[in-house]
Amino acid sequence: MSAEFKIKRWDVQVLGHAPVQFYATTRGKAQAKAFRAYQAAYDQCTFREFLTRSRVVRTNVVPASFGKPIKVSGKPAFMIERAGGNSLRFVWPGEDQILTSHLLDTTETT
């Protein structure tokens, strides 16, 4: 993987729930994403409470295509994962915002 690829895969486990994977550049960003997702169902939970209930660890189990160089609309990018159907998730070099593209707009590079 290139130095321009910043995304890592994190497992976030909240007490009483199975681990869920989040993609982020740092542990803190992964935990913040998990908190926003958790708040959708448990809106009375504060971030402080969430910190005491959650555990975040970096996972080494990633798809084989994770971080693979691709082109999206002719521009270099990095593959994150298949998004289901005819689309995939990717990031631009040096960025951390995950985007979605149709497979017909992407090509694999070597």
Side-chain angles (χ1 to χ4, degrees):
M1 284 184 264
S2 170
E4 296 176 335
F5 183 68
K6 299 178 174 185
I7 302 293
K8 298 168 188 74
R9 189 173 180 178
W10 303 87
D11 281 336
V12 181
Q13 183 167 9
V14 179
L15 193 63
H17 300 278
V20 177
Q21 288 77 39
F22 287 89
Y23 294 103
T25 53
T26 65
R27 179 188 180 280
K29 287 182 179 182
Q31 198 161 27
K33 284 182 178 184
F35 172 66
R36 288 190 291 275
Y38 187 78
Q39 256 198 328
Y42 303 97
D43 61 351
Q44 298 301 314
C45 180
T46 65
F47 187 63
R48 174 178 254 177
E49 291 169 6
F50 182 78
L51 291 176
T52 64
R53 297 179 189 178
S54 63
R55 183 175 147 254
V56 182
V57 294
R58 184 148 172 221
T59 180
N60 293 327
V61 180
V62 295
S65 59
F66 183 73
K68 184 176 181 178
I70 60 172
K71 288 196 180 254
V72 178
S73 298
K75 294 190 252 177
F78 294 101
M79 171 88 155
I80 298 294
E81 66 184 355
R82 295 272 180 166
N86 294 324
S87 59
L88 58 80
R89 299 173 75 204
F90 73 96
V91 293
W92 299 118
E95 299 290 327
D96 65 352
Q97 182 179 6
I98 298 173
L99 304 168
T100 304
S101 178
H102 193 279
L103 289 175
L104 293 177
D105 294 329
T106 64
T107 54
E108 294 185 22
T109 60
T110 54

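- Across all their heavy atoms, Leu104 and His102 have their closest contact at N-ND1, 3.0 Å.
- Applying the side chain to side chain contact (heavy atoms under 4.5 Å, CB included) criterion to Phe35, with sequence neighbours excluded, gives Gln39, Phe47, Phe50.
- Applying the side-chain hydrogen bond (donor to acceptor under 3.5 Å, both in side chains) test to pairs two or more places apart or on separate chains, those with a residue in residues 45-62 are Gln31-Ser54, Tyr38-Arg53.
- Closest non-hydrogen pair, Arg9 versus Phe66, comes out as N-CZ, 4.3 Å.
- Phe5 and Ile98 fall within the same hydrophobic cluster, where Ile, Leu, Val, Met, Phe, Trp and Tyr residues are linked whenever their side-chain heavy atoms come under 4.5 Å apart, directly or through other members.
- Heavy atoms only, all atoms of each residue included: Ala24 and Trp10 are closest at O-NE1, 3.1 Å.
- Residue Leu15 belongs to no hydrophobic cluster, having no ILVMFWY side-chain heavy atom closer than 4.5 Å to its own.
- Under a hydrophobic-cluster definition in which Ile, Leu, Val, Met, Phe, Trp and Tyr are linked whenever side-chain heavy atoms come within less than 4.5 Å, directly or via other members, Val91 and Leu99 are assigned to different clusters.
- The NZ atom of Lys6 sits 11.0 Å away from the OG1 atom of Thr26 when rounded to the nearest 0.5 Å.
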Can I get a per-line list of side-chain donor-acceptor pairs under 3.5 Å for residues 69-80, giving both atom names and the distance, sequence neighbours left out?
none

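- The stretch residues 12-22 participates, sequence neighbours left out, in these side-chain hydrogen bond (donor to acceptor under 3.5 Å, both in side chains) pairs: Asp11-Gln21.
- Applying the side-chain hydrogen bond (donor to acceptor under 3.5 Å, both in side chains) test to every pair with at least one member in residues 79-101, sequence neighbours left out, gives these pairs: Tyr23-Glu81, Lys29-Asp96, Glu81-Arg89.
- Expressed to the nearest 0.5 Å, how far CG of Asp105 lies from OG1 of Thr107 amounts to 10.0 Å.
- Applying the salt bridge (charged side-chain N to carboxylate O under 4.0 Å, His left out) criterion to Arg27, with sequence neighbours excluded, gives no partner residue.
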